Amino acid sequence: MNYTVQEVKQFVEEEDVKFIRLAFCDVFGRPRNFSIMPTELDRAFDEGIAIDAWSVTGFDGFKESDILLHPDPRTLAILPWRPEHGRVVRMYCDITWPDGRPFECDSRTILESAVELASSKGYTFYFGTEQEFYLFKNTLEGDRTDIPYDNAGYMDIAPEDKGENVRREICMTLEQMGISPESSHHEKGPGQNEIDFRYCHALKAADDAMTFRGVVRTIAARNGASADFGPKPIKGKPGNGMYIHFSVQMEGKEVDLAPVIAGIMKNIRPMSLFMNPVHESFDRLGYFGAPKYIKWGKGNRSALIRVPDTRSEHMRAELRSPDSSSNPYLVLALMIYAGLEGIDKGLTPDDPTDINLFTANEEELSGALKLPGSLEEAAGCAKDDAFLKEHIPSQILEEYLKAAK
């Protein structure tokens with residue numbers, strides 16, 4: 001909604017706001033927040049609100065402990081599930097040291113830097129995510145069970161699809177928060193659902209992805225369920241992906257995506273540590289539509305990157321390997337940096353493939369590079385990679401390498 005500082009202050013005063021959540025995430029994309037009262041809002045905007053870095057995962061590798069949260073007024077949103085009297089609002093924050101230096105482990109700032117670099121070269125990147133999640137029934141006490149919310153299949157309808165009303169409530173809640181879902185449906189797995197978003201600027205896309213995960217978990221709980229975004233919640237069933245559609249413009253005109261695709265494919269193996277950051281991520285890849293080979297194709301859902309068959313005038317492509325255990329700020333930042341490398345160096349991708357890579361024979365797959373087959377292999381690809389060292393702070397890279405052991 002792009003509020004200004006003054007508009008936020010006016011909104012808080014006029015709309016009976018009593019609690020303001022300053023939201024951020026740790027290096028792995030796990031949401032965190034710190035609540036302040038309206039009396040502290042001036043200080044939050046003018047100076048920042050101090051928190052203890054040592055208490056946040058991945059933030060504890062520094063001698064200093066105090067860091068400052070600076071709310072971004074453009075991200076103001078009401079939390080619709082909280083009471084209307086004594087309302088609660090949320091703003092995402094950038095993080096700095098007390099002397100004003102950007103905090104190295106603030107992944108949101110890393111994405112902002114990538115956006116600024118692209119802008120300095122005349123490019124604007126747009127992203128739209130498709131996130132999948134499972135719903136599991138809760139006990140009467142509110143604890144999660146391992147029983148799926150339903151046994152429906154791909155695009156089934158009620159009564160088999162029992163998640164229909166949950167998805168409806170999620171989409172309506174998102175709209176109240178200024179986020180535009182495009183579509184929703186039941187996915188292949190029992191209790192598995194998907195909601196897709198309209199493309200937007202990179203920072204908003206990442207903020208929206210974070211908001212989405214929180215909204216889904218909250219609405220699921222209100223309906224007697226627990227949401228699971230993990231890459232492989234049920235063994236032998238489809239995993240959860242976070243498919244990312246992307247396009248690039250220069251001065252309002254579409255840019256040829258071939259070098260962008262080439263740049264992403266060139267760096268995808270080391271980038272996989274951040275796009276697939278848990279061991280279960282690699283139980284998903286290569287099965288039920290999740291890619292295994294570093295190939296691209298037009299309309300080919302078995303490839304790493306798919307260029308949709310569409311009559312739309314907009315050129316876009318879809319990266320199919322990331323999952324929602326990833327930090328969306330880091331994922332989108334890396335996609336931008338890799339895409340810019342492809343543009344700057346004039347990289348060209350291999351010819352597109354139209355074969356089904358899940359059923360192809362050895363001859364058809366000859367010479368095809370694979371995504372890492374395990375978290376350990378992904379960490380090995382990332383450890384000494386020059387591209388990652390240039391764009392990911394050493395403190396964050398070390399945290400991911402340590403988590404992969």
Side-chain angles (χ1 to χ4, degrees), residues 114 117-118 121-130 199 202 241-250 253-276 285-286 289-323 326 331-373 377-378 381-382 385-388 390-391:
L117 178 63
K121 296 173 179 288
Y123 299 106
T124 302
F125 282 71
Y126 294 91
F127 297 97
T129 62
E130 299 178 8
Y199 72 92
M242 182 175 70
Y243 307 111
I244 303 175
H245 295 259
F246 61 95
S247 61
V248 187
Q249 291 186 6
M250 173 180 263
K253 296 182 180 180
E254 303 285 347
V255 171
D256 180 14
L257 287 179
V260 178
I261 290 171
I264 292 173
M265 292 175 63
K266 174 180 178 292
N267 293 290
I268 193 65
R269 280 178 56 81
M271 284 164 54
S272 294
L273 179 64
F274 295 91
M275 297 186 170
N276 310 102
L285 295 178
K292 181 178 182 180
Y293 293 93
I294 304 174
K295 290 284 189 179
W296 75 285
K298 296 179 180 179
N300 190 341
R301 293 183 181 274
S302 68
L304 170 70
I305 296 178
R306 177 179 75 100
V307 177
D309 290 323
T310 176
R311 295 180 181 179
S312 170
E313 62 184 21
H314 298 295
M315 297 172 58
R316 62 183 173 90
E318 175 191 15
L319 180 64
R320 297 180 56 79
S321 64
D323 62 64
S326 62
V331 169
L332 298 192
L334 288 171
M335 289 180 68
I336 291 173
Y337 284 129
L340 289 176
E341 180 181 326
I343 293 171
D344 290 344
K345 294 182 178 179
L347 301 181
T348 304
D350 294 337
D351 292 336
T353 183
D354 59 2
I355 64 173
N356 186 333
L357 296 169
F358 297 119
T359 59
N361 57 44
E362 290 185 9
E363 182 179 351
E364 291 172 315
L365 294 172
S366 176
L369 290 175
K370 294 181 181 179
L371 292 167
E377 184 181 351
C381 294
D385 182 69
F387 171 80
L388 289 183
E390 181 180 357
H391 299 299

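What you see is a predicted model; the values in this text were computed from it and never measured. Excluded from the calculations below are hydrogen atoms, water molecules and symmetry mates; all remaining heavy atoms, backbone and side chain alike, are included.
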### Query
Yes or no on side-chain contact (heavy atoms from CB on, under 4.5 Å) for Val248 and Tyr126, after CA distance, side-chain angles and deciding distance?
CA-CA 6 Å; Val248 187; Tyr126 294 91; over 6 Å; no
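- Using bins of under 30°, 30° to 60° and over 60° for the plane-to-plane angle, the ring pair His391/Tyr337 lands in the parallel bin.
- Rounding to the nearest 0.5 Å places OG1 of Thr359 at 8.0 Å from CD1 of Ile355.
- Atom OG of residue Ser247 and atom OH of residue Tyr199 lie 6.5 Å apart, to the nearest 0.5 angstrom.
- Remark: the backbone N or O of Glu363 is not paired with any side-chain donor or acceptor of Ser366 at under 3.5 angstrom.
- When each of Leu257, Leu319, Leu334 is checked for a side chain to side chain contact (heavy atoms under 4.5 Å, CB included) with Ile264, only Leu319 meets the rule.
- The structure places OG of Ser321 at 4.0 Å from CD1 of Ile268, a figure rounded to the nearest 0.5 Å.
- Under the 4.5 Å side-chain criterion, counting only non-hydrogen atoms from C-beta, Val307 is in contact with Ile261.
- In summary, Lys121 and Asp344 engage in a salt bridge, as defined by a charged side-chain N under 4.0 Å from a carboxylate O.
- Checking each of Leu357, Leu369, Leu371, Leu285 against Leu304 for a side chain to side chain contact (heavy atoms under 4.5 Å, CB included) leaves exactly one that passes, namely Leu371.
- A salt bridge between Arg269 and Glu377 is present, with a side-chain N of the basic residue lying under 4.0 Å from a carboxylate O of the acidic one.
- Among all heavy-atom pairs drawn from Asn267 and Glu341, the shortest one is ND2-OE1, 3.5 Å.
- Across all their heavy atoms, Val260 and Gly339 have their closest contact at CG1-CA, 3.8 Å.
- A donor-acceptor pair is defined here as one N or O able to donate and one able to accept, closer than 3.5 Å; no such pair exists between the side chain of Glu390 and the backbone of Phe387.
- Of all non-hydrogen atoms in Val255 and Met250, the two that sit nearest each other are CG2-N, 3.6 Å.
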### Task
Decide yes or no on side-chain contact (heavy atoms from CB on, under 4.5 Å) for Thr353 and Tyr293, but give the supporting numbers first.
CA-CA 11 Å; Thr353 183; Tyr293 293 93; over 6 Å; no
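- Panel note: side chain Trp296, backbone Asp350; a donor-acceptor pair is recorded below 3.5 Å.
- Under 4.0 Å is where a charged nitrogen must lie from a carboxylate oxygen, and between Arg320 and Glu318 at least one such pair does.
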### Task
Give the C-alpha distance, both sets of side-chain angles, the deciding distance and a yes or no for side-chain contact (heavy atoms from CB on, under 4.5 Å) between Ile244 and Met335.
CA-CA 10 Å; Ile244 303 175; Met335 289 180 68; 3.9 Å; yes
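- At a cut-off of 3.5 Å, with distance as the only test, no side-chain donor of Asp354 or Asn300 sits close to an acceptor on the other residue.
- Nearest approach of Pro270 to Cys381, heavy atoms of both residues: CB-O, 3.6 Å.
- Of all heavy-atom pairs between Met265 and Ile294, the closest is CE-O, 3.4 Å.
- Atom CG of Asn276 sits about 10.0 Å away from atom CE of Met271, to the nearest 0.5 Å.
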### Query
Step by step, would you call Thr129 with His245 a side-chain contact (heavy atoms from CB on, under 4.5 Å)?
CA-CA 6 Å; Thr129 62; His245 295 259; over 6 Å; no
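- For the side chain to side chain contact (heavy atoms under 4.5 Å, CB included) with Ile336, the qualifying choice from Phe246, Tyr123, Phe127 is Phe127, the only one to do so.
- What you find for Pro308 and Ala317 is that their closest heavy atoms are CD-CA, 4.1 Å.
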